[in-house]
Every structure is written in C-alpha cells, then in structure tokens.
Amino acid sequence: MNRILFAADCLDVLNDAEALPDASIDLIYLDPPFNSNSKYNLPFKGKDKTHKPVEAFVDIWKWSDRDAETLDDLGRDPRTRSLATVIKFAQTIEQMSGGRRSGTSLASYLLNMALRLQAMRRVLADTGSIYLHCDPTAGHYLKLLMDAIFGRKNFISEIIYNYGTPSGGRTSGKKPVKTHENIFTYAKKYGDHVYNRQFTPYSEKYMTNWFRHVDEKGRKYRTRSRKGKIIRQYLDESPGVPLSDTWIDIMALYGQSGWFPGTQEKENLGYPTQKPLALLERIIKASSNEGDIVLDPFCGCGTTVHAAETLGRKWIGIDISKFSTGLIRDRILHSFKYLNVDDIDLRGTPDSVVEARRLARENPFEFEKWVCGYIGAEGMFREPGERGADGGVDGVLKFFPVREGKKVKPEYAIVQVKGGNVSPDAVKALHETVRRYEATAGVLVCFGDQLGTVENQRVKATFSDAWGSYPVIQGFSVERLLGDEQLDLPLYGYKRRGAMLSL
Ligand SMILES: C[S@@+](CC[C@H](N)C(=O)[O-])C[C@H]1O[C@@H](n2cnc3c(N)ncnc32)[C@H](O)[C@@H]1O
C-alpha cells in the first residue's frame, strides 16, 4: 500500500517493526509540538462564534513519576545513556534558572521527543534524511538530542524557515518580532544520503548585472572563460542560485504577505500550525526521489502527505488525533481526483461496527472526534469532564445548497454524535439546537440499532435547493458511515465539493 494513515501515538507505530520495518523510510519530516505551553484549537467558522472550538492538540508538558522511571531506564541502557544526560542537563538548567517562565516541563517534553526520535532512527534508510521542524523555544535542546541519536557527523544543516512578517507586527513586548522557525536536518549516513540540488531564481539585480548580453534571437547570456575559451552561459539554461539554508522565499511563492501560512490560500484548512505545501515540496524534492517513502509522524492536517502525493512519492502519515486522519483523508481525496477511498489505508480508527462500538464505550470523546473527522465536519468538542459545554453540538458540517439565481454560499448542519442509546427526546432537542444556532439542518449519528428511536421522533420539516429536497433533521448510522455512504445533504464533503467545483 502506497498511502497509509495511522491514527495513533507515533511512538507505538515507530516501535512496531511490522508496521514500519527497519530502514524502510527514505525521508522523515516531523513538525511536532514545540513545547509552546499552549493549546491549539481548530477555528470554528460557523455563524455562531461563541462556541468552544475543537481542541486539536495540547502542547503542555508536566513531569510525572512515569517520566522519572523512563529517564532512569534510558540512563541505565548504554545505548541511550547520552539521551538521559541531555534530558538531565535540561532539567538542571530548568531548576537552576529559577523555575520556568511557562508552566510546561522542558524535561518531560524532551523525554517524549527523545523516545520518538530514537525510534525514527531505526526506520530511516541508510540513504535517508530526517528534517526536524522546531522553533527557538526548545530547538537548542532538540539539537543536542539529534546529535546524540543521529551522530554529529551526520548533521546536514540547520534551515532557518522564515514564515513572513506577522500582519501588523505581532509583537508581545520587549523583543523583536519572531519570524522564523528552525529545521534541523540529519542523514542516517552523511555522504550516502540523497540530495537533489535545488535552486532559487536569480534576483533582478543579479540578472541585470551579469546577463548583460542579448543574442540575435533575443536570449540573454553572460560570457565565461573555460579552458582558455570564451563561452556563453544563457540565462534560460541557468539553474538559478543554489538553495541556501535560509528560506525567506516560501511565503513569497504564495504571493502573499499574511503571517499564517496559507491564510488567503485555498490550501488553508484552518488547522493550527498548518505548514505551507511549498515548504514540504521543497524538502521532499531535495531529499527523496520519485517512488520513495516519506513519513510524517506528526502529520497534523496532512501537508507532508499532500506534497508527497503531488510529487509521486509513497507516504505514511501518523497523528494521534482521530480527527486529523479523517480530515487528511478528505483533503487527499478532494485534491487528487484519481484516488478512491480504498487507495488510502486508514489504520487505528474503527473499520468495523464492533471496533466503533468499542471506541464509543472506551473513549466517547475520541469517538465523537472520529465520527466528525470521517464525515468531514469541523469539530466542536468538549474537553473531557466538561460535559454540556458544547450545548448539544459535537460538530458542524458545511454544505453548499445551489439555489436558482443565488451565489453558492455555505450553510451549516449541526452534528450530534451518540455512541450509546438515543433518548426519546433527542431529535426534538437537536431540532431546537439547529434553530437556536440558525443552522439549516441537523444530523444525528448513532448506531443502527438506535435509528428506530430517531425514526419514531421524525421531524417532517424539509429544506430544498435546485437539486432536491432534504430533511432538516436526519439520523445517520455508524454502519452507513463505515460503508462510506453519503448524508442526505446537498454538496458536502470531498465528493460533493468536487462536483461543486465543476458547476
Ligand atoms: C504542529 S502539528 C503538525 C502540523 C502539520 N505539519 C501540518 O502542516 O498540518 C503537530 C501534530 O502532532 C500531533 N501529535 C501530538 N503528539 C503526537 C504523538 N505522540 N503522535 C502522533 N501525533 C502527535 C498533534 O495532534 C498535531 O496534529
């Protein structure tokens, strides 16, 4: 299988030699949490902005007894002793520097990263490279870990990735505005690693100063002396400036000045910390060849796997969030029309009713996330323990009714997910929620054996567009969801969005 998505902690997958055999990966790019002491939410783009948005991931670390035990284990094993040394060193600095400015534990973060980076070395091919995306918050400690794991002699470069100037200069006090992140690149075996030289365009000034001559066909050239002969170097045959380790041009490739990658671009999915495709395309082109396998163990909304698909690489994405893998599947199927649902191997999420029931029982919160990701809804999840904070809304699904003479504009369906029994007044309550939030429709997702209860409370109201009439409230079973059946809504999800584009 050329395209695999795992909804799992990457450590579990990286330690599974059957899922990822030794030396099987040609390129790893990872953009893990940066130890930013923040929670990252998906923005809700519905009408009502007062709701708590879905929490995509949390980047706050607390030192635990389990961390202490793991650190001891690392220190005892001669192969990982240097990692324990780096982590203890960071711990000492944290303690000596009079406590942390933030509430997050650097040592816990580094320990978690060390285990995963160590496991990544095992799966990397001898000709492979790893790109670790981080920022100055903990980058200098991560580099020590990378030296300890991959070896100083295998260090390739530190790329300074400038993501543009925050609009309005997002400065928070007495320091220059932050505009860059760091990408540390290492080879498994320096010298054997794949590197396809990349070039950036010459500046106008360079072209004017150096390519001053024009031949009879109008082609610009410069003259050079080679072995005593004068030869012509044509501008249109010149590759450009060899790529440097300071990347200030990625946002310029988008022709925009917005600070958040892709905000004004169609590739923006609203996923926090989403990276631009141009960044990943550059990395993949430079450090892999067509047909190679690219792995992103913290794949977020799937920028790496999207770029890998564009460039004809095989790909594996891992993300701990069950929402994320559903979102990526949607993104990939929407972007590459030659792919079908079966072309993407989705692992770690239920693929049978029995597994779906188990997830609903063991982790109702993840069950809600999985359902919403799968049907293409933006999530609005409660945090565990915050029951009721969602006001009866688990997700919001955007769809596009086509109405005669009117511009196609998105409308919204409220999604409610029930992993257990559906109560006799559930439909009425959902209808009420739909009205309260001025949404157009409501979808109640439950297991098939509960659909009868939904049917019994049927709401007759419908709405229509140029293509048909649809129920305002509909029940949808997990069984149908697993069968990749569609909701009775106009133009939603990747299949219908595809249709919409050709309207
Ligand atoms: C900074 S985001 C990655 C964004 C990504 N580069 C993109 O362009 O969409 C980090 C991701 O790591 C995921 N994550 C956090 N801990 C993880 C773990 N232990 N295993 C796998 N994924 C994890 C989070 O859910 C989040 O989606």
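Atoms within each ligand, like the ligands themselves, are counted from 1 in listed order.
Taking the six-membered ring where the residue is Trp, F336 and H306 present perpendicular rings, their angle passing 60° and hence far from 30°.
Between T303 and ligand 1, at least one N/O pair is under 3.5 Å apart. Checked by distance only, ligand 1 and C10 come closer than 3.5 Å through their nitrogen or oxygen atoms. Residue-to-ligand polar distances keep I318 apart from ligand 1: every N/O pair is separated by 3.5 Å or more. Annotation: S321 places no N or O atom under 3.5 Å from an N or O atom of ligand 1; distance criterion only. Taking any N or O of C301, backbone or side chain, at least one lies under 3.5 Å from an N or O belonging to ligand 1. Where the criterion is an N or O separation shorter than 3.5 Å, residue side chain and backbone included, D319 meets it with respect to ligand 1. Among the atoms of D31, some N or O lies under 3.5 angstrom from an N or O of ligand 1.
Note on K314 versus D292: no salt bridge recorded, every NZ/NE/NH1/NH2 to OD/OE distance being 4.0 Å or above.
At a heavy-atom distance under 4.0 Å, no atom of S324 approaches ligand 1. Counting heavy atoms closer than 4.0 Å to ligand 1, residue R116 contributes side-chain atoms (C-beta onward) but none from N, CA, C or O.
Contact annotation: the side chain of P136 approaches that of N182 to within less than 4.5 Å [non-hydrogen atoms, C-beta and beyond]. At a threshold of 4.5 Å between non-hydrogen side-chain atoms, the residues R3 and L339 count as touching.
Side-chain polar atoms of S129 and T185 form no donor-acceptor pair below 3.5 angstrom. In this structure, a donor-acceptor pair under 3.5 Å is absent between the side chains of N35 and T137. In this model, no donor atom of one side chain and acceptor atom of the other lie less than 3.5 Å apart for H180 and Y163.
Nearest-residue assignment for atom 23 (C) of ligand 1 (options F298, F34, F323; heavy-atom criterion): F298.
Atoms of ligand 1 lying under 4.0 Å from at least one heavy atom of A8, given by number and element, are 20 (N), 21 (C). For ligand 1 and K275, the ligand atoms under 4.0 Å from any heavy atom of the residue are 6 (N), 7 (C), 8 (O). Proximity to Q274 (heavy-atom distance under 4.0 Å) selects the following atoms of ligand 1: 7 (C), 8 (O), 9 (O). Heavy-atom contacts of P297 reach the following atoms of ligand 1: 21 (C), 22 (N) (cutoff under 4.0 Å). Counting the atoms of ligand 1 from 1 in the order shown, those under 4.0 Å from a heavy atom of D9 are 18 (C), 19 (N), 20 (N).
A side chain to side chain contact (heavy atoms under 4.5 Å, CB included) with I183 holds for exactly one of L30, L279, L132; it is L279. With F155 as reference, Y186 is the one residue of Y186, Y190, F150 to meet the ring-ring contact (aromatic ring centres under 6.0 Å, His included) rule.
Between the side chain of R197 and the main chain of P242, no donor-acceptor pair closer than 3.5 Å is present.
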